[in-house]
Engineer: 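Pasting a structure below so you can have a look.
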Protein chains: 2
Amino acid sequence: MDDPSLQQAVATFEEFLRAERLKMTGQRRQMVRAALDQRGHFTAEELYQRLVREGESVSMATVYRGLRLLEDAGIVEGHDFADGQRRYERALQVEHHDHMVCVDCREVIEFRSEEIEKIQKGIAEEQGFDIEEHNLTLYVACRNWRKTGRCARREERERQGKRKD
Amino acid sequence: MDDPSLQQAVATFEEFLRAERLKMTGQRRQMVRAALDQRGHFTAEELYQRLVREGESVSMATVYRGLRLLEDAGIVEGHDFADGQRRYERALQVEHHDHMVCVDCREVIEFRSEEIEKIQKGIAEEQGFDIEEHNLTLYVACRNWRKTGRCARREERERQGKRKD
DNA sequence: ATATCTGCAAATGTTTTGCACTTTT
DNA sequence: AAAAGTGCAAAACATTTGCAGATAT
C-alpha cells in the first residue's frame, strides 16, 4: 500500500490517463496494484481471479479494457507465447529482456542479449525499417525432459509443494 | 501436377501417415498441393477458400485437422504473428528463417541470421536447455510510415494494382 | 453537467469437437 | 470388417462490444 514503486506506477498511469482525457477509477487503481504485485507473467484471467479473490469489485470486461490501457501506458508489457492467451508482466523499472518457455512445464525464463538486439536492429535498418517491437521466444526442453519425458524443474517445484509461483 | 517437389512432399506425407497409422485421402492430397503452391504465408481460412475456389470438396474442419498433420509431418511450418490467426508456410526445401512484419501493411519479410541462431543456442545451453523451436519476429514500421502515417510498400503495392501477393 | 466507466450479456472470430455417415486400408 | 476420415453444426475459448445505469471530472 505504501510501496514507492506502486506510487510511481499509479502516478505514471494518472498522467497517461490525463493526457488521454480518461479517468482514474477504483478498478484501474486496483489493477495497477495487483499487476505490479503479480510475480512473473500473468493472464487477464489470472489477474481477474486475483482481484475477485481479494474482494475487489471488477469484471472481466473491465480487466481486458484496463490491461490495454496499462499496456499503452507502459505499466505492463504483453507477450504472446503462442498458447492462445496473452500474458503480461510489469514493465516499469524492468529492463528489456526476451523469454525462454519450457515446452513441458511452461516455466518462463528471462534472458537478455545485447548482441542479438544489436544484430536485429542492423537487419531491420538494412531494409529501411525501424523496429517498433519484437518477440524473441525460445521454446525449450530441459535436457532431462528429453531423456525421461519429464521436466526437472517441474518435478523440483512439485517436490517443494505446489505453491504456484 | 507433375511438380517434382510436390511428388516428394506427398511421398513424405504418406510416409508420415503410414508411420502414424493414418490414411491418405483426397482432401489431404489436395491440401499438400495447395499448401505448397501457396506463396508466402497463409491462414487456414485462406487455404480453405482456395480449395473451395478450385472446386475441391473440403470443409474447414478438415483443413484445420489437416494442417495439424501437415505441420507434424514437416510439410508446413506454423507461425504466430500475434494477430489472432495462425499462419503457415511451406517448410520443405526452405531454409530456416525468421520474420519481420510491417505493423502497417502486415507484409512479411523473411531474414536469416546465423549469428543470432548461434547466440540463442548458447544462451539456452547455458541454462541446460535444448531449443525445440523458436520465434523471432520483428514488428517494424517503414521509415516512411513513421513520418507520413502511411506505408511505402503498401502504397507501392496499391499502385501496382491490388494483386494480392 | 457531461464525458467516461462499469457490469452484464450478447457477439465475435478462430479453432476444436461430437456425431452419424463415408472412405481407406 | 475395422479403423480412420469427413462434413456439419454445435461447442469451446479468449477477447470484444452494445447498452443502460453508475461514476469521475
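Chain naming here is simple, since letters A, B, ... match the order of the sequence lines and numbering starts at 1 in each.
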Engineer: Would you kindly give the CG-to-C1' distance between A:Leu22 and C:dT2, to the nearest whole Å?
Structural biologist: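 To the nearest whole Å, that distance equals 15 Å.
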
Engineer: When you get a sec, tell me which of C:dG7, D:dT17, C:dT15 is the closest nucleotide to the side chain of B:Gln85?
Structural biologist: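 From the listed options, C:dT15 comes nearest.
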
Engineer: B:Arg65 side chain N/O closer than 4.0 Å to the phosphate oxygens (OP1, OP2) of C:dT17?
Structural biologist: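 Looking at the OP1 and OP2 atoms of C:dT17, neither is under 4.0 Å from any side-chain N or O of B:Arg65.
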
Engineer: Does some side-chain heavy atom of A:Glu132 sit less than 4.5 Å from a side-chain heavy atom of B:Val140?
Structural biologist: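 The answer is no, as the side chains (C-beta and beyond) never meet within the 4.5 Å cut-off.
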
Engineer: In whole Å, I'd like the distance from the CG atom of A:Leu51 to the P atom of C:dT6.
Structural biologist: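 So the CG-P distance, A:Leu51 to C:dT6, works out to 12 Å.
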
Engineer: Working note: A:His96 + A:Glu117, criterion side chain to side chain donor-acceptor pair (under 3.5 Å); need CA distance, chi angles, decisive distance, verdict.
Structural biologist: CA-CA 10 Å; A:His96 168 72; A:Glu117 305 282 326; 3.0 Å; yes

Engineer: Please determine if a side-chain N or O atom of B:Gln27 lies less than 4.0 Å away from the OP1 or OP2 oxygen of D:dG7.
Structural biologist: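 Checking B:Gln27 against D:dG7: at least one side-chain N or O falls below 4.0 Å of OP1 or OP2.
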
Engineer: Between A:Leu47 (CG) and D:dT15 (P), how many Å, whole number?
Structural biologist: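 Rounded to whole Å, this separation is 12 Å.
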
Engineer: At less than 4.0 Å, is any side-chain N or O atom of A:Thr62 found next to OP1 or OP2 of C:dG7? Yes or no.
Structural biologist: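 Checking A:Thr62 against C:dG7: at least one side-chain N or O falls below 4.0 Å of OP1 or OP2.
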
Engineer: Given atom CG of B:Asp83 and atom P of C:dT14, what is their separation to the nearest angstrom?
Structural biologist: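 Atom-to-atom, B:Asp83 to C:dT14, this comes out as 9 Å.
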
Engineer: Do B:Lys23 and B:Leu17 have side-chain heavy atoms sitting under 4.5 Å apart?
Structural biologist: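 Not in contact.
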
Engineer: Is there a side-chain polar atom (N or O) of A:Thr25 under 4.0 Å from OP1 or OP2 of C:dT6?
Structural biologist: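 Yes, such a contact exists.
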
Engineer: Between A:Met60 and B:Leu69, who's closer to the 5' end of DNA chain D by nearest nucleotide?
Structural biologist: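 The 5'-side residue here is B:Leu69.
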
Engineer: Which label fits B:His41 and B:His79: parallel for a plane angle under 30°, tilted from 30 to 60°, or perpendicular past 60°?
Structural biologist: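 If you compare the ring of B:His41 with that of B:His79, the planes turn out tilted.
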
Engineer: Send over the distance from A:Arg29 CZ to C:dC5 P, rounded to a whole Å.
Structural biologist: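 Taking CZ of A:Arg29 and P of C:dC5, I get 13 Å after rounding.
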
Engineer: Does OP1 or OP2 of C:dA3 have a side-chain N or O of A:Arg21 closer than 4.0 Å?
Structural biologist: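 For C:dA3, neither OP1 nor OP2 has a side-chain N or O of A:Arg21 closer than 4.0 Å.
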
Engineer: Rounding to a whole Å, what distance do you find between B:Leu17:CG and C:dT23:P?
Structural biologist: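 Result: 19 Å.
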
Engineer: Between B:Glu14 and B:Arg29, is there a side-chain N and carboxylate O pair less than 4.0 Å apart?
Structural biologist: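 The answer is yes: the pair qualifies as a salt bridge.
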
Engineer: Could you tell me the separation between the CD atom of B:Gln30 and the P atom of D:dT6, rounded to a whole number of Å?
Structural biologist: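 Taking CD of B:Gln30 and P of D:dT6, I get 12 Å after rounding.
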
Engineer: Please tell me which of the listed nucleotides, C:dG7, D:dT15, C:dT25, lies nearest to the side chain of B:Lys23?
Structural biologist: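 Of the candidates, C:dT25 comes closest.
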
Engineer: What integer distance in Å separates B:Arg18:CZ from C:dT24:C1'?
Structural biologist: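 After rounding, the reported distance stands at 14 Å.
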
Engineer: Check whether any side-chain nitrogen or oxygen of A:Tyr64 sits under 4.0 Å from OP1 or OP2 of D:dT15, and answer yes or no.
Structural biologist: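 For A:Tyr64, the contact criterion (side-chain N or O under 4.0 Å from OP1 or OP2 of D:dT15) is met.
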
Engineer: For A:Thr43 and B:Met24, find the nucleotide of DNA chain D closest to each by heavy atoms; which residue's nucleotide sits nearer the 5' end?
Structural biologist: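 First, find each residue's nearest nucleotide; the 5'-ward one identifies B:Met24.
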
Engineer: In terms of the nearest nucleotide of DNA chain C, which residue is placed more toward the 5' end: B:Gly26 or B:Ala44?
Structural biologist: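 Closer to the 5' end of DNA chain C: B:Ala44.
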
Engineer: Would you say A:Arg28 places a side-chain N or O within less than 4.0 Å of OP1 or OP2 belonging to C:dT6?
Structural biologist: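 Yes, A:Arg28 has a side-chain N/O under 4.0 Å of OP1/OP2 on C:dT6.
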
